[in-house]
Amino acid sequence: MIKNKFYVTTPIYYVNDTPHIGHAYTTILADVLARFHRALGDDVFFLTGVDEHGQKVQQAAEKRGLAPQQHCDDLAPRFSSLWKELGISNDDFIRTTEERHIRVVQSILQKVFDNGDIYQKEYEGLYSVAEERFITEKEAESGQFREVKVLKEKNYFFRMSRYQERLIRYIEENPGFIRPEHRKNEMLGFLRQPLTDLCISRPKSRLAWGIEIPFDRDFVTYVWFDALINYISAVGYLSDEEKFKRWWPASAQLIGKDILTTHSIYWTTMLFSLELPLPEVIFAHGWWLMGESKMSKSLGNVIKPLDLIEQHGVDAVRYYLMSEMNLGSDANFTLENFIKRYNSDLANDFGNLLNRVSGLIGKYFEGVIPGQGDLSEADREIAAQASTLGSRVEELVRQYKVDAAIDQIMELIRVVNKYMEVQAPWKLAKTDLPAAGRVLYVATEALRIAAVLLRAVMPDKAGRVLEILGVQASGLVWGGLESGVKLPIFPPLFPRIELEKV
RNA sequence: CGCGGGGUGGAGCAGCCUGGUAGCUCGUCAGGCUCAUAACCUGAAGGCCGUACGUUCAAAUCGUACCCCCGCAACCA
């Protein structure tokens, strides 16, 4: 089998931010894709990390009386340990203050400077003393800023404008590059106006906490040539050419819709300047809207999605986030929806099916998985649907339709519940025990295949199902379930959430 | 005329690109089953697919205009 490579990235999160549902969503999505692709046999590299430079970090560190690096060292684990909790299977975690990153950023700056794509220019603009940043005229008119003065500052600029035409052509010629499609159109719309060049530096007098620009020690580079470079510095650009060749270009760069411009325009033109290929896909997902009216701090009923993990488990939250959002649009996060999803899909359909089959096997076969025997017409239908599930799910995952892929799996679960109803092995057992055994084998084997695929979404719980069924077989071929295995007694995987308790 | 997205049975969404009996999950009502986490299965009710024109033998699907929501407008996933 030819192995495809799959290199997936999340944005690097700003270390000073408190991790929230948004960070978790992007990262879980990347994890689910990574796990699906590993299950398909692809070679996977999954990168996430944190962005540690910039003014806010510098200020926050000062406030705490710490060196910025110390401050970052304290904060970075808030992300990395959350990912551990969430079962994230990233292969690397890059921090922009790491030596391996800084070196590459500086080499790149020098390279682009030598290309003639970085130049110095004096900039004059309105500057807010309180916020320590330049503001637009509109902002100044809004009256939100008290102390505004005109400030002149020299800075370095990246000649982004040079690549405008080329980028437009590229986007048009590669319709699958920016996804979903309406985001592509948004970017093409943006590119109808002339691109201005990008300010990429800050004088050290104003911002000390950054990567020093190699050709002008009085400056540090500001965000773009620092943060975005992580996607290539982490996989060996200018340091490990073999590794770099192996992984770049990225297969999928996942971002929230808010940083679409940054990635599809700044990042891509930077890559043009470096003469590197662009990522295959930049996918901008939507946002989770937090249930609106019903939540208010005064009512004291604010839901912190990450708290649900403690109550109902990581996998339930992962499942909810992945199944509820149509990738690319926004979705609403509400406790009601979460409970509905959990109860109907996980407790009633999936978890309960496991209990049905294992209960019957316990009752009529002393807990030992029966043999499948000669399949009837109805059995073969189930076997056929289960056997093709893998390829149907694969197709959907490759199209970034994760919710639809999950639905395909749950559809099999529903069909098996129906099959149980029609075959009624609890009745069959009294007249034709082997037939009952056959039905139970078929139902359980279908459940196994569903669990194998669900491991991408719920590594822990779906893995537990396979454990219970006593299978190492993670294959998707019919018949992986072994007869003769004794099933253990186990508590319900997904106990129903009773509304009264909530 | 800044840009973009959306308006589909009670709720949440899919379908629209490549026109041709309106689909899914939840909820409601009735029935069935009783192996199971009061779960599971069947059936039913419920939609003029935002509005109006137009193209077409045929439009939720294409075109035009309008109305209403929501984002973005240069680092909050």
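Every chain is numbered from 1, with letters handed out A, B, ... down the list of sequences.
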Worksheet, complete the sentence: Contacts of A:Lys430 and A:Glu181 projected onto RNA chain B by closest heavy atom; the upstream (5') one is A:Glu181
Worksheet item: At under 4.0 Å between heavy atoms, what does A:Asn417 touch on the DNA or RNA strands: base, sugar-phosphate, or nothing?
Response: sugar-phosphate
Worksheet entry | N/O donor-acceptor pair, side chain A:Tyr13 with base B:A77, under 3.5 angstrom | no
Item to complete: Pick base, sugar-phosphate or nothing for A:Gly286, based on heavy-atom distances below 4.0 Å to the nucleic acid.
Response: base
Worksheet item: Any donor and acceptor pair, going by atom type alone, linking the side chain of A:Ser161 with main-chain N or O of A:Asp197 inside 3.5 Å?
Response: no
Worksheet entry | Interatomic distance, A:Tyr419 OH vs B:C33 P [rounded to whole Å] | 21 Å
Worksheet item: Hey, what's the ring geometry for A:Phe494 with A:Phe350, parallel, tilted or perpendicular (30° and 60° as the breaks)?
Response: tilted
Worksheet item: What is the distance from NZ of A:Lys418 to P of B:U25, rounded to the nearest Å?
Response: 9 Å
Practice prompt. Provide the Watson-Crick or G-U wobble partner of B:U42, both distances under 3.5 Å; none if there is no partner.
Written response: B:A30
Practice prompt. Please report the C-alpha distance between A:Arg206 and A:Glu153 in whole Å, then the side-chain angles of each, then the deciding distance to 0.1 Å, and finally whether the salt bridge (charged side-chain N to carboxylate O under 4.0 Å, His left out) criterion is met.
Written response: CA-CA 10 Å; A:Arg206 200 143 78 71; A:Glu153 190 170 282; 2.8 Å; yes
Worksheet item: For B:U37, does OP1 or OP2 lie under 4.0 Å from any side-chain N or O of A:Asn348?
Response: no
Item to complete: Establish, for the pair A:Arg166 and A:Phe272, whether the NZ or CZ atom is under 6.0 angstrom from the six-membered ring centre and no further than 45 degrees off its axis.
Response: yes
Worksheet item: For the side chain of A:His20, counting heavy atoms from C-beta on, which of B:U37, B:A77, B:C3 is nearest?
Response: B:A77
Item to complete: Let me know the distance between CG of A:Leu321 and P of B:C13, rounded to the nearest Å.
Response: 15 Å
Worksheet item: Once you round it to whole Å, what is the distance between C1' of B:C41 and CZ of A:Arg414?
Response: 14 Å
Worksheet item: Using the C1' atom in both, what is the distance from B:G6 to B:U51, to the nearest Å?
Response: 16 Å
Worksheet entry | Nucleotide B:U37, atom C1' - distance to CZ of A:Phe494 in whole Å | 12 Å
Worksheet, complete the sentence: From CD of A:Gln423 across to P of B:U42 the rounded distance in Å is 14 Å
Worksheet item: Does the side chain of A:His285 get closer than 4.0 angstrom to OP1 or OP2 of B:A77 through an N or O atom?
Response: no
Item to complete: Looking at every strand, decide which applies to A:Leu354 at a 4.0 Å heavy-atom threshold: base, sugar-phosphate, or nothing.
Response: nothing
Item to complete: Describe the nucleic acid contact of A:Asp345 in one word from base, sugar-phosphate, nothing, applying a heavy-atom distance below 4.0 Å.
Response: nothing
Item to complete: Would you mind classifying the nucleic acid contact of A:Gly256 as base, sugar-phosphate or nothing, using non-hydrogen atoms under 4.0 angstrom?
Response: sugar-phosphate
Discussion item. Just to be sure I understand the rule, does A:Ile259 reach a base, reach only the sugar-phosphate, or reach nothing, if contact means heavy atoms closer than 4.0 Å?
Written reply: sugar-phosphate
Discussion item. Categorize A:Thr27 for me: base, sugar-phosphate, or nothing, with a 4.0 angstrom heavy-atom threshold over every strand shown.
Written reply: nothing
Fill in: Rounded distance in Å between the C1' positions of B:G47 and B:C13
15 Å
Worksheet item: What about A:Thr262: does its side chain form a donor-acceptor pair under 3.5 Å with the base of B:A74?
Response: no
Practice prompt. Give the rounded distance in Å between these two atoms: CG of A:Leu260 and C1' of B:C72.
Written response: 10 Å
Worksheet item: Does B:G2 pair with anything, Watson-Crick or G-U wobble, both distances under 3.5 Å, and if so, with which nucleotide?
Response: B:C72
Worksheet item: For the pair made of CE in A:Met420 and P in B:U37, what is the distance, rounded to whole Å?
Response: 13 Å
Worksheet entry | Stepwise salt bridge (charged side-chain N to carboxylate O under 4.0 Å, His left out) test for A:Glu395 and A:Arg392 | CA-CA 5 Å; A:Glu395 185 54 32; A:Arg392 280 177 289 134; over 6 Å; no
Worksheet item: What about A:Glu421: does its side chain form a donor-acceptor pair under 3.5 Å with the base of B:G32?
Response: yes
Discussion item. Is the ring pair A:His23/A:Phe79 parallel, tilted or perpendicular, if the boundaries are 30 and 60 degrees?
Written reply: perpendicular
